[in-house]
A.B. asks: 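I have a structure here, written as structure tokens, and I will follow up with some questions on it.
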Amino acid sequence: MSVVLSAVGFAACMSMIMATSATAATTLGASAAEKGRYFGAAVAANKLSDSVYTTILNREFNSVTPENEMKIDATEPQQNQFTYTNADRIVSHARSRGMQVRGHTLAWHSQQPGWMQNMSGTALRNAMLNHVTQVATHFRGQVVAWDVVNEAFADGSSGARRDSNLQRTGNDWIEAAFRAARAADSGAKLCYNDYNTDDWTHAKTQAVYRMVQDFKQRGVPIDCVGLQSHFNSGSPYPGNYRTTLSSFAALGVDVQITELDIEGASATTYRNVVNDCLAVSRCNGITVWGIRDSDSWRASQTPLLFDNSGNKKPAYDAALSALNSGNPPTNPPTTPPTNPPTNPPTTPPPGGPGSCSATVSLNSWTGGFVATVRVTAGSSGTNSWTVTLTLPSGATVSNAWNAQRSGNSGTVQWTNVSYNGHIAAGQSTEFGFQGTGSAAGMTPTCTAT
Ligand code: G3I
């Protein structure tokens, strides 16, 4: 009898555990993490002493972007005199709580210190490259992604570069900045970031697309595109936003929604943006540009997820429920790009068994790391794949995305999830994991069916 009772008790206990684990996440960051993504906020150092602000920040977000503190005027106010106090405060606040950091921004025509505004030509080019090198080196291992270059294209229909002192140093200033950033920090994802690049049909979007395509073809080190996504009546959320995200992703770069705010904070529009990101596997996450409406650069538009008192708005509930109910991401764009892409990503999965290879890149810091594993299909493509990695002694995996794992230390096997088992011949997919300890020296092996 006691055996029967304990079996019943065990079953009841198991069903409680399963019910608990099936409970929807209650914060944006936790829910996004379940989808292998982040949900971040722009943070101002001078608000870290505001407990209403930090309570929301610490509870809801798992990524942080310094709103102004890493910009050129903040970090190099006098030439070759670097100040990191405020940026370091934000980085330390974030990382000590397990949040990741997006760096913003290394090279930009705006918010240049006076000394740089007055420079031109070779002197300016060298000063810009020195700035990129110094700042990316300072934050090496602490910043997951950098907005290396910000807002370098003109508005309107020209598709041209924006005129600026940096642009006048030569058209190759952007790729020079990316190369300097890679040399300084090989572990950070390097992004190009811009606004009004959300509508796939806009000339500015197309111009950025062609630059990224060109960079990928020529081996310029670019890993991601940031869409600022400041939506308002003059620049509304476009119905083809998902096409824009998936079209950039199809070039072989990640996409990140970097400065989201929506005039009036329509719950429907916030839900659409979340759903669009979830639908594109290379959309890594969303950052909102501030926490409460009163923190916004456009406070009068009440564009954020929390009101001035820190209460959740309907848009918050919409974003969270979209995250919670979102399906796993699907890879190919739902609508094929309509404009210039010369190599649209329409190749269907091959379906046949094949071989694969895997490489791992690490973003490490003292006591922790983020590993990104790239799985590349051989000449037959894959239906499914398994990557085996042996972690060094003392290293433990704390969370992972885009793959299922067999354990959290020692030899760990990583198997595709439903949406990324099919890889076309020669194409790649990525999964990742975060952990404690040191993961240096791992050599992945890959098997495929
Ligand atoms: O801190 C000083 C304060 O001491 C002074 O009294 C006050 C007087 O104007 O200025 C304060 O600094 C302001 C700073 O924000 C902090 O509030 C600057 O003037 C102001 O120019 C600065 O604006 C920032 C803006 O970038 C500058 O271009 C916004 O906070 C920031 O949200 C905004 O962020 C940009 C992204 O970097 C790029 N994409 C667009 C986005 C929105 O403009």
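These numbers come from the heavy atoms of this one structure, side chains and all, not from hydrogens, waters or symmetry mates.
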A.B. asks: Taking R97 for the side chain and H93 for the main chain, is one N or O donor matched with an acceptor at less than 3.5 Å?
C.D. replies: yes
A.B. asks: Nearest 0.5 Å, please: how far is CG in L124 from CD in Q117?
C.D. replies: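 One gets 11.0 Å once the value is rounded to the nearest 0.5 Å.
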A.B. asks: Roughly how far apart are Q206 CD and Q213 CD, rounded to 0.5 Å?
C.D. replies: 10.0 Å
A.B. asks: So, taking the atom named CG in N324 and the one named CG in L320, what distance separates them when rounded to the nearest 0.5 Å?
C.D. replies: 4.5 Å
A.B. asks: Would you say the side-chain atoms of S384 and T449 include a donor-acceptor pair closer than 3.5 Å?
C.D. replies: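 Their side chains do contain a donor-acceptor pair, which is all the 3.5 Å distance test asks for.
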A.B. asks: Starting from the C-alpha separation in whole Å, work towards a yes-or-no answer on side-chain contact (heavy atoms from CB on, under 4.5 Å) for L106 and D147.
C.D. replies: CA-CA 7 Å; L106 294 171; D147 292 332; over 6 Å; no
A.B. asks: Check this for me: does any side-chain nitrogen of one of D214 and R218 sit under 4.0 Å from a carboxylate oxygen of the other?
C.D. replies: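 Judged by the 4.0 Å cut-off on N to carboxylate O distance, D214 and R218 do form a salt bridge.
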A.B. asks: Any side-chain donor-acceptor pair under 3.5 Å between E69 and Y84?
C.D. replies: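 Absent: no donor and acceptor within the cut-off.
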A.B. asks: Quick check on ring pair (Phe, Tyr, Trp, His ring centres under 6.0 Å): which of Y195, Y270, Y241, W289 does F231 satisfy it with?
C.D. replies: Y241
A.B. asks: Would you kindly say whether S120 and N165 are connected by a side-chain donor-acceptor distance under 3.5 Å?
C.D. replies: no
A.B. asks: Kindly determine whether D254 and R282 satisfy salt bridge (charged side-chain N to carboxylate O under 4.0 Å, His left out), including the steps that lead there.
C.D. replies: CA-CA 5 Å; D254 290 343; R282 292 198 78 146; 2.7 Å; yes
A.B. asks: Less than 4.5 Å apart, any side-chain heavy atom of V144 and any of R102?
C.D. replies: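 A side-chain contact under 4.5 Å is absent here.
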A.B. asks: Just by distance, with hydrogens left out, do Q167 and W173 show a side-chain donor and acceptor under 3.5 Å apart?
C.D. replies: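 Checked: Q167/W173 side chains pair up, N/O donor to acceptor below 3.5 Å.
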A.B. asks: Donor-acceptor pair, distance only, cut-off 3.5 Å: does the side chain of R37 make one with the backbone of C277?
C.D. replies: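 Judged by distance alone, yes, a pair lies under 3.5 Å.
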A.B. asks: Would a distance-only check, ignoring hydrogens and angles, find a side-chain to backbone donor-acceptor pair under 3.5 Å from S31 to L28?
C.D. replies: no
A.B. asks: Sub-3.5 Å donor-acceptor pair from the side chain of Y53 to the main-chain atoms of D295, do we have one?
C.D. replies: no
A.B. asks: Once you round to the nearest 0.5 Å, how far does CD1 of I286 lie from CZ of F39?
C.D. replies: 5.0 Å
A.B. asks: Determine yes or no for a side-chain-to-main-chain donor-acceptor pair under 3.5 angstrom, with T382 supplying the side chain and W385 the backbone.
C.D. replies: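 No, the answer is negative, given that no donor and acceptor are paired below the 3.5 Å cut-off.
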A.B. asks: Could you give the distance from OG1 (T75) to CG (N68), rounded to the nearest 0.5 Å?
C.D. replies: 11.5 Å
A.B. asks: Taking the side chain as every heavy atom from C-beta outward, state whether W414 and V373 have any atom pair closer than 4.5 Å.
C.D. replies: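 A side-chain contact is absent here, since even the closest heavy-atom pair is not under 4.5 Å.
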A.B. asks: Tell me, with the steps shown, if D172 and R125 meet salt bridge (charged side-chain N to carboxylate O under 4.0 Å, His left out).
C.D. replies: CA-CA 10 Å; D172 63 346; R125 172 69 69 94; 2.6 Å; yes
A.B. asks: Any side-chain donor-acceptor pair under 3.5 Å between S235 and N196?
C.D. replies: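 Side-chain D/A pair, S235 to N196: present.
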A.B. asks: Testing V43, T105, V101 for side-chain contact (heavy atoms from CB on, under 4.5 Å) with P66, which one passes?
C.D. replies: V101
A.B. asks: SG/C283 to CG/L278 distance, rounded to the nearest 0.5 angstrom?
C.D. replies: 7.5 Å
A.B. asks: Just by distance, no angles: are the side chains of H109 and D163 close enough, under 3.5 Å, to form a donor-acceptor pair?
C.D. replies: no
A.B. asks: Checking side-chain contact (heavy atoms from CB on, under 4.5 Å) between Q228 and each of D261, T258, D198, which is the one that passes?
C.D. replies: T258
A.B. asks: Will you find, in the side chains of Q256 and N193, an N or O donor that is under 3.5 Å from an N or O acceptor?
C.D. replies: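 There is no such pair between these side chains.
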A.B. asks: Using a 3.5 Å distance criterion without hydrogens, assess whether the side chain of D185 forms a donor-acceptor pair with backbone atoms of A181.
C.D. replies: no
A.B. asks: Are C224 and V255 side-chain neighbours, meaning at least one heavy-atom pair lies under 4.5 Å?
C.D. replies: no
A.B. asks: Report yes if some heavy atom in the side chain of F61 is under 4.5 Å from a heavy atom in the side chain of Y38; otherwise report no.
C.D. replies: no
A.B. asks: Could you check whether D199 and N240, counting side-chain N and O atoms only, form a donor-acceptor pair closer than 3.5 Å?
C.D. replies: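 Yes, D199 and N240 have a side-chain donor paired with an acceptor closer than 3.5 Å.
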A.B. asks: For the side chain of K313 and the backbone of A265, is there at least one donor-acceptor N/O pair under 3.5 Å apart?
C.D. replies: no
A.B. asks: Would you check if T287 and I257 make a side-chain contact, meaning some heavy-atom pair closer than 4.5 Å?
C.D. replies: no
A.B. asks: Ring centroid separation for W297 and H230, is it under 6.0 angstrom?
C.D. replies: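 Here the rings of H230 and W297 have centres that are less than 6.0 Å from each other.
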A.B. asks: How far apart are the C-alpha atoms of D50 and K47, what are their side-chain angles, what is the distance that settles it, and do they pass the salt bridge (charged side-chain N to carboxylate O under 4.0 Å, His left out) test?
C.D. replies: CA-CA 5 Å; D50 174 341; K47 292 178 181 156; over 6 Å; no
A.B. asks: Under 3.5 Å, is there a donor-acceptor pair between the D293 and N308 side chains?
C.D. replies: no
A.B. asks: Is a side-chain N or O of S266 found less than 3.5 angstrom from the main chain of T268, in a donor-acceptor match?
C.D. replies: yes
A.B. asks: With a 3.5 Å cut-off and no angle check, do the side chains of Q404 and N416 form a donor-acceptor pair?
C.D. replies: no
A.B. asks: Would you confirm whether K216, through its side chain, and G252, through its main-chain N or O, come within 3.5 Å as a donor-acceptor pair?
C.D. replies: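 The answer is yes, because a donor-acceptor pair under 3.5 Å joins these two groups.
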A.B. asks: Between T122 and T169, does a side-chain contact (heavy atoms from CB on, under 4.5 Å) hold up when you go through it step by step?
C.D. replies: CA-CA 7 Å; T122 307; T169 69; over 6 Å; no
A.B. asks: Less than 4.0 Å between a side-chain N and a carboxylate O, is that true for R182 and D223?
C.D. replies: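 Yes, D223 and R182 are salt-bridged.
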A.B. asks: Using a strict threshold of under 4.0 Å (side-chain N to carboxylate O), is an ion pair present between D276 and R242?
C.D. replies: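 Counted as a salt bridge, because a side-chain N and a carboxylate O are separated by less than 4.0 Å.
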A.B. asks: Look only at the side chain of T244 and the backbone of W200, and say whether a donor-acceptor pair between them is shorter than 3.5 Å.
C.D. replies: yes
A.B. asks: Does a side-chain N-to-carboxylate-O contact under 4.0 Å join R292 and D307?
C.D. replies: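 Between D307 and R292 there is no salt bridge, as every charged N stays at least 4.0 Å from the carboxylate O atoms.
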